[in-house]
Amino acid sequence: MEYEIIVVGGGHAGIEASHIAAFKGHKTLLITMNKKNIGDMPCNPSIGGTAKGIIVREIDALGGIMGRIADISHFQIKMLNNSKGPAVRSLRAQADKTTYPQNIQKELENTPNLTILEATVEDLIIEENTVKGVVLSDGTNIKASIVILTTGTYLKANILIGSENTPSGPHGEPRSNYLSDNLKKYGFTIQRLKTGTPQRIKASSIDFSKMQPEYGDDRYWTFSFDNPVSYKINEQQKCYLIYTNEQTHKVILDNLDKSAMYGGYVTGVGPRYCPSIEDKLVRFKDKERHQLFLEPESLYYDEWYLQGFSTSMPRDIQEKMVHSLNGLENAIISKYAYAIEYDAIDPLQITPSLETKVIKNLFTAGQINGTSGYEEAAGQGLIAGINASLKLEQKEPLILKRNDAYIGVLIDDLVTKGTAEPYRMLTSRAEFRLILRHDNADLRLREYAHQVGSITEKQYQNYQTRLQKLQEGEKFLKETKLKITSEIKEIFEMNQKEVPTTTESLYDLLKRPEITMDFLEKMLELSIDNQTKEELEIQIKYEGYIKKTYKEVEKMKKLEEKQIPSDIDYQKIKNLASEARQKLEKVRPISVGQAARISGVNPADISILSIYLKKEYSKDEKR
Amino acid sequence: MYTTIAAISTNSLGIGAINIIRVSGKDAISIVSEIFSNKKFATAPTHTIHYGFIKDEEKIIDEVLVMLMRAPKTYTKEDVVEINCHGGSITASKILELLYVHGAVPAEPGEFTKRAFLNGRINLLEAESVEDLLEAKNENARKMALNGVSGKTTKLIEDLREKMISLLANIEVNIDYPEYIDELQITKENITPVLTEIRSSLQQIIEESENSKKIKNGLNIAIIGRPNVGKSSLLNALLEEEKAIVTDISGTTRDIVEGTITYQGIDLNFIDTAGIRETEDLVEKIGVEKSKKMQETADITILVLNNNTELTADDRTLINQIENQKALIFINKIDLESKIGKIESTKKVIYGSTKTKKGLEELKEEILKIFSLEDMSHKDLTFLFNTRQISLAKQALQNIDHVITENKKDIPVDMLAIEIREAWEYLGQIIGEAYEDELVDNIFKRFCLGK
């Protein structure tokens, strides 16, 4: 058996990696321990969310499948942050845990060049620091030019409930016992990370009448730029909001020493943004209540996910905790919350293309790289798959910059700063978030996707049609002037808007904060479709801010363009602070821009580095 | 101790006629040779003084005297070079920068003394007091030395940044966790008050900083008055030399005459102007125009009046004219009979005589008081030293002003956050903080969220 690319792991990273590699025409093998679990959502029943929803759109723009499968597999969808401004809007869908994996599996089965194998990978075949294939637990060797590891939380995973510590993957799946030890042997630094998942509650045992319902949006959305809507607004399911109370807090605080975290049974580092409920109570003593959300997992079975209540308390305490909640007095817990510890590699050992620095032709993506979240995993998987293919094709890798995409921010953060906790994307991490919007993901990325051949001709055409519509729309708005007749004046006044003193183009009018496309449509026919209107409105209204962001981008680009030769010897640079020297040695940044983002490398070190590069560079010129 | 260190050894304000830059370490002599025009220097015997120019390649930076002290008979027992350059911090900083470019590194606070101890130049007792000093100097002190910002200023800016980041972290939490409605929701209404408060502190820092620039560059003081009230005599008395021509014929001083004294460490540049009166004489007219202009650009104006004559219409015009300026009134010739009468002015009036020198000391003190510079050379300074820092503070102020204006319109919070963040970063650059993850850290420190 021989393949061009082997992907190890059938989670969200492995799915995108194997799909795109096969799509690009490479003979690809996806190895998973359990075929039925491909596309499984072991934690929250949603796809998207703040920042993450934008990642999903980026995945779609680049030819990935998460967005279009989510579009056909959810029972509620909404746009978050609608009121807080265009830069931070993001879609979130409550995805069905039954249909989402089914639809994913169907999609992979229908992908030519892709074979799926149920097996456990125990080791890699390595020759001269280059990966040549994988070794299965039964001793079988499978050869490949490139291997992509997307092992999720399975590497030497332990499940923790109270003082119980069981070697196991998520939801009782077998774990991978040997692979991380072997990776260590090859020179990877292995770190232990921790995450957790809350209880699942039987729907029939919940008293929803005591809870506050949360609805989906009353307008249609899709993640994908290519697919039509396939749901009905009024068939969306509700979620519910509840709160912890005094009784809940008493139960938790009285039993703190029984939790795996506070009892000292956990060695992994857990994420700050995803603390267990006992963590929240200890760290924020003054808060009288904490918000929790009840979300249905699927329309095909009756478990609900209790978001916000993740814990590592023993089962009997969890019973008491859950029963203290309003509406859950008689709740039946179908799955207890648990913490899971697993091995991950130090992301400083991977390059921006997601190939490892340690072993050639070996790529890694997803939780093995220290991230958390389905979307973060899928984004990396897609890039790893694209870059693995490009490497086979002997082409330059696709490296998205911080001003290109959230995926670019994600990977740059990982390979530049490393991570001591599972990394979750936040809009705050993206300094150029104003130009990394959900609405323009295709405008930002489809051209790249076309260049690297990760989208279909049809997808590229959709993008070009959109560009054309935008151009026409802009032209129309610039050429159409609004004459201030008494009738128009009245409309302005009726809507309590300042009446323009002269005839202005619609384009100029839109620059005023209070003038919207909707308002203009009260006065004249725009004949521009909704998507184009939305895009143009943002571009015109926030032009000043957008320009400012681009100026910042230019500043960064200048530093990014200062390449650092890969064979640079940091020992030779006099006067670098020793911490900076160590960090630079470890990260080996590809540009001065990247170097400047390393924590512990100060502006003074960057000047010294720049002077050194300049000196060396001008020497070369003289020669 | 393999590095060669350099620092300005005179006080950090750069007050005074000269500045001394000390360089210590095994490469001290070779590093200085690279920027010093005197070619004999490198091979000269120890404990000698050399004249020449500090040059940045072909560009002359300053005319200097350089002292060469070879190890071991030096303060640090290493090779030590001291460059005596002209006063003012710009020249000294430029020279220091050059030294760094050529391989010297900035000295930590107390590092010369530390080396003196480690090299056996001073004993343990002396060294212990240095240790205390080093320990007392915390992270702030280090930053201050590195960035030339005083501890108090750093603290002030840190406080401002703290306020900004707490606002920002709250905005970000609302954005990243929109459904956590229990957290304080930042709205247009609660952004402006916070920013207004930050704005006024920042404004004050900038004002004080611009004052501080006066310390370095000196104050320009225009002496004005009607002809023949004793402006030139006042200048001469202040300078204690016969620089301006003093005569009894009105309109003698037709050009600008000036002189500088250093008072309490601050340069006072006095500028004598032509007497101001309505005149037909062309030459005198030019002089009068010039003095009016001078007065406009001066930091402070001293109006001289004659005690011995009644106030004229010209005098009254001048008194009104200085009402909106930083100004003092000096009533000269109190040794003569008083005919002047009551002065209607909000400005401080000083009585004195250029002949008996009475009132001159008071005049100089009052000048400093106007800028609150009385004991500046001893004070812990609460302002920014260099133009770069002031301009960063101004940029931050500009951002904040813009946010406050935009917030009155329908601009969503994500746009406002961009500029608040920018302002916060500018302030960070002033105190040398450039920790990018600070914001994310703050979000998790302050708020309680997640599954």
Side-chain angles (χ1 to χ4, degrees), chain A residues 43-44 49-51 80-90 196-198 214 241 243 271-275 279-281 283-284 287 289-291 293 305 307-310 413 417 424 426-429 431 433-434 512-514 542 544-545 548-549 552 574-575 596-597 599 602-604 611, chain B residues 2-4 27 97 100-101 103-106 146-147 168-169 171-183 185-187 399 402 406 408-419 421-422 425 429 432-451:
Chain A
C43 201
N44 54 317
T50 50
L80 303 170
N81 282 335
N82 225 345
S83 66
K84 295 190 184 98
V88 292
R89 283 174 202 150
S90 200
T197 194
E214 302 259 305
L241 168 63
Y243 296 95
R272 287 173 298 178
Y273 48 81
C274 192
D279 253 350
K280 293 186 199 174
L281 255 60
R283 284 176 49 209
F284 299 91
K287 276 200 92 172
R289 60 179 198 178
H290 292 272
Q291 277 180 293
F293 295 92
Y305 178 90
Q307 189 200 307
F309 219 49
S310 139
D413 276 351
K417 295 174 181 166
R424 178 214 200 271
L426 301 161
T427 63
S428 341
R429 298 195 197 265
E431 62 275 49
R433 70 181 176 204
L434 179 51
R512 302 184 179 197
E514 75 278 10
Y542 305 109
Y545 285 94
K548 205 169 179 164
T549 302
E552 290 299 312
K574 272 191 260 172
N575 302 330
R597 288 191 292 273
S599 58
N602 296 320
I611 291 171
Chain B
Y2 302 108
T3 54
T4 295
D27 299 324
E97 232 170 71
Y100 295 157
V101 168
V105 297
L146 287 175
N147 301 300
L168 269 175
I171 292 175
E172 298 297 320
V173 145
N174 292 163
I175 287 171
D176 272 322
Y177 295 88
E179 286 167 321
Y180 282 75
I181 47 177
D182 260 13
E183 301 299 347
Q185 297 296 309
I186 293 291
T187 59
N399 280 134
H402 194 239
E406 291 279 280
K408 287 178 194 147
K409 304 181 209 156
D410 246 345
I411 300 293
V413 70
D414 62 340
M415 303 289 162
L416 303 179
I418 292 173
E419 281 199 290
R421 189 164 171 169
E422 210 170 69
E425 276 165 9
Q429 285 175 32
E433 285 290 355
Y435 182 41
E436 278 184 42
D437 291 338
E438 210 175 325
L439 182 59
V440 172
D441 288 346
N442 255 280
I443 294 174
F444 298 127
K445 202 164 76 198
R446 287 163 198 270
F447 300 98
C448 174
L449 322 130
K451 68 182 177 186

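Throughout, protein chains are lettered first and strands after them, A, B, ... in sequence-line order, and every chain is numbered starting at 1.
The candidate with the highest count of non-hydrogen atom pairs below 4.5 Å against chain A, out of B/Glu406, B/Glu179, B/Glu422, B/Glu419, is B/Glu179. Of all the listed residues (A/Glu214, A/Arg289, A/Arg89), the one sharing the greatest number of non-hydrogen pairs under 4.5 Å with chain B is A/Arg289.
With no hydrogens or angles considered, no side-chain donor-acceptor pair links A/Thr50 and A/Asn81 at under 3.5 Å.
Legend: residues meeting side-chain contact (heavy atoms from CB on, under 4.5 Å) with A/Ser90, ordered by chain and number and at least two apart, are A/Ile54. Under the side-chain contact (heavy atoms from CB on, under 4.5 Å) criterion, A/Ala87 pairs with A/Arg433, A/Leu434, B/Asp414, not counting sequence neighbours.
Residue B/Val413 touches chain A through both its backbone and its side chain, counting heavy-atom pairs closer than 4.5 Å.
Taking CD1 from B/Ile186 and CD1 from B/Ile175, the interatomic distance works out to 10.5 Å, rounded to the nearest 0.5 Å.
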